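Each remark here refers to the structure printed beneath this line.
What you are looking at is a predicted structure, and each value in this text was computed from that prediction instead of being measured.
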Amino acid sequence: MDMEPRQAPSVSAKNAKAPRASAALQLGKKFLRQKHIQTMALLGVAWMFIFNYIPMYGIIIAFKEYDIIGSISEAPWVGLEHFREFLDDDSLGNVIRNTLGMSLLKLIIGFPLPILFALFLNELRSIKFKRTVQTISYLPHFLSWVVLGGILATWLSDIGIINNILMALNIIEEPISYLAEPKYFWSIIIASDIWKELGWSAIIYLAAISSVSPEMYEAATIDGAGRFQKMWYVTLPSIKSTITILFILAVSGVLNSNFDQILVLRNSLNDSASNVIDYYVYQTGILSGRYSYSTAVGLIKSVIALILLLLANKVSKKINGTSLY
């Protein structure tokens with residue numbers, strides 16, 4: 001029986017496999033050299049996979065009528081019923097208004113302030129004074145909203161320090177219960193959020209500023225630039241990419257309302273100004289036991305956040321060429 005001779009691998013095929021084998025070998029050697037660091041990284045990846053990706057299976061209850069007594073697989077399918085119910089909810093307009101109102105104001109007011117703070121902090125000549133200011137500005141970040149909420153509730157009460165100061169300056173004639181007035185709630189949320197996170201948010205900008213070449217400042221000095229001109233023409237352009245990336249992430253989180261802060265500072269008297277999506281999900285899902293409905297609302301929020309992220313990334317890439325990917 002005649003058999004066709006087996007063709008030997010071509011030289012080009014051998015040459016193509018050799019670099020791949022060499023690259024794999026080099027990668028393995030590099031992993032062994034960095035085994036401690038790589039192990040730490042793999043633990044982080046494993047944690048994220050276990051706690052962030054595996055639980056995503058539970059998203060399907062948004063399309064089911066889930067009962068906590070039974071299992072997810074046993075729950076009957078209801079399709080888009082929970083999504084339609086949310087869109088027909090009478091409180092939807094108020095929830096969206098409060099969420100977008102506070103989040104957009106935080107973005108407009110709160111996003112530029114850490115940049116300005118980092119710029120001016122970088123201009124301080126006294127290292128001791130600079131470190132003192134940094135330490136004081138960082139401290140509120142390490143306090144939980146439970147602690148800060150109690151402090152704010154005391155300060156903003158009828159007999160609190162805020163009312164005492166304003167009455168002593170004759171700005172108001174009688175004390176005001178600020179947390180009981182819906183018209184003050186947005187201002188309290190935005191001001192307290194900036195107070196807590198201003199110093200911490202400036203860290204990444206200070207790190208980016210520290211990487212700017214001193215030669216650029218020397219060249220600007222030779223050209224006659226002052227301190228503010230150096231900030232505008234040297235520092236800001238040098239950290240533009242960092243600002244852009246953080247702005248994209250901030251836009252994607254515009255529907256996040258800092259649930260801990262809202263939960264601590266809200267009450268039944270300011271409900272009309274404090275009812276946001278995060279609290280709405282908590283109220284309907286945890287307090288009322290409507291897990292499928294609250295999951296549907298959370299899924300809508302996540303999809304909108306993803307769309308905002310993609311749009312912000314695309315616009316940023318077209319305007320200044322900087323993007324997440």
Spacing of [atom1] belonging to [X] relative to [atom2] belonging to [Y], to within rounding of 0.5 Å:
| X | Y | atom1 | atom2 | answer |
| --- | --- | --- | --- | --- |
| Gln134 | Leu124 | CD | CG | 9.0 Å |
| Leu100 | Leu107 | CG | CG | 11.5 Å |
| Ser211 | Ile239 | OG | CD1 | 9.0 Å |
| Ser316 | Ile243 | OG | CD1 | 11.5 Å |
| Glu181 | Ser187 | CD | OG | 12.5 Å |
| Glu174 | Asp158 | CD | CG | 10.0 Å |

So, do [X] and [Y] sit near enough that their side-chain heavy atoms are less than 4.5 Å apart?
| X | Y | result |
| --- | --- | --- |
| Phe185 | Ser272 | no |
| Asn163 | Tyr178 | yes |
| Tyr138 | Ile203 | yes |
| Lys230 | Thr221 | yes |
| Trp155 | Ile165 | no |
| Trp186 | Asn270 | no |
| Phe63 | Leu80 | yes |
| Leu246 | Pro114 | no |

**Report entry** Qualifying residues under side chain to side chain donor-acceptor pair (under 3.5 Å), relative to Thr244, sequence neighbours excluded
**Finding:** Asn320

Query raised in the report: Taking the inter-plane angle between the rings of Tyr280 and Phe86 on a 0 to 90° scale, is it parallel (under 30°), tilted (30 to 60°) or perpendicular (over 60°)?
Result: tilted

Query - Parallel, tilted or perpendicular, as decided by the 30° and 60° cut-offs, for the rings of Phe49 and Tyr53 - result: parallel

Please indicate whether [X] has more than 12 foreign heavy atoms, meaning atoms of other residues, nucleotides or ligands, lying under 6.0 Å from its [atom1].
| X | atom1 | value |
| --- | --- | --- |
| Trp195 | CH2 | yes |
| Phe142 | CZ | yes |
| Leu299 | CG | yes |
| Trp47 | CH2 | no |
| Ile161 | CD1 | no |
| Phe31 | CZ | yes |
| Phe83 | CZ | yes |
| Lys301 | NZ | yes |

Query raised in the report: Checking side chain to side chain contact (heavy atoms under 4.5 Å, CB included) for the pair Ile115/Leu236: CA distance, chi angles, key distance, verdict?
Result: CA-CA 9 Å; Ile115 303 173; Leu236 278 177; 4.1 Å; yes

**Report entry** Under 3.5 Å donor-acceptor, Ser103 side chain and Val254 backbone
**Finding:** yes

Report task. Under the salt bridge (Lys or Arg N to Asp or Glu O under 4.0 Å) rule, collect the residues that match up with Arg97, sequence neighbours excluded. Result -> none

Report task. Under the salt bridge (Lys or Arg N to Asp or Glu O under 4.0 Å) rule, collect the residues that match up with Asp89, sequence neighbours excluded. Result -> none

Among the clusters formed by ILVMFWY side chains lying less than 4.5 Å apart, do [X] and [Y] turn up in the same one?
| X | Y | result |
| --- | --- | --- |
| Ile37 | Val45 | no |
| Val297 | Leu87 | yes |
| Tyr184 | Ile159 | no |

Query raised in the report: Checking side chain to side chain contact (heavy atoms under 4.5 Å, CB included) for the pair Ser137/Leu198: CA distance, chi angles, key distance, verdict?
Result: CA-CA 7 Å; Ser137 64; Leu198 177 65; 5.9 Å; no

**Report entry** Residues Glu85 and Arg290 bridged, charged N to O under 4.0 Å
**Finding:** yes

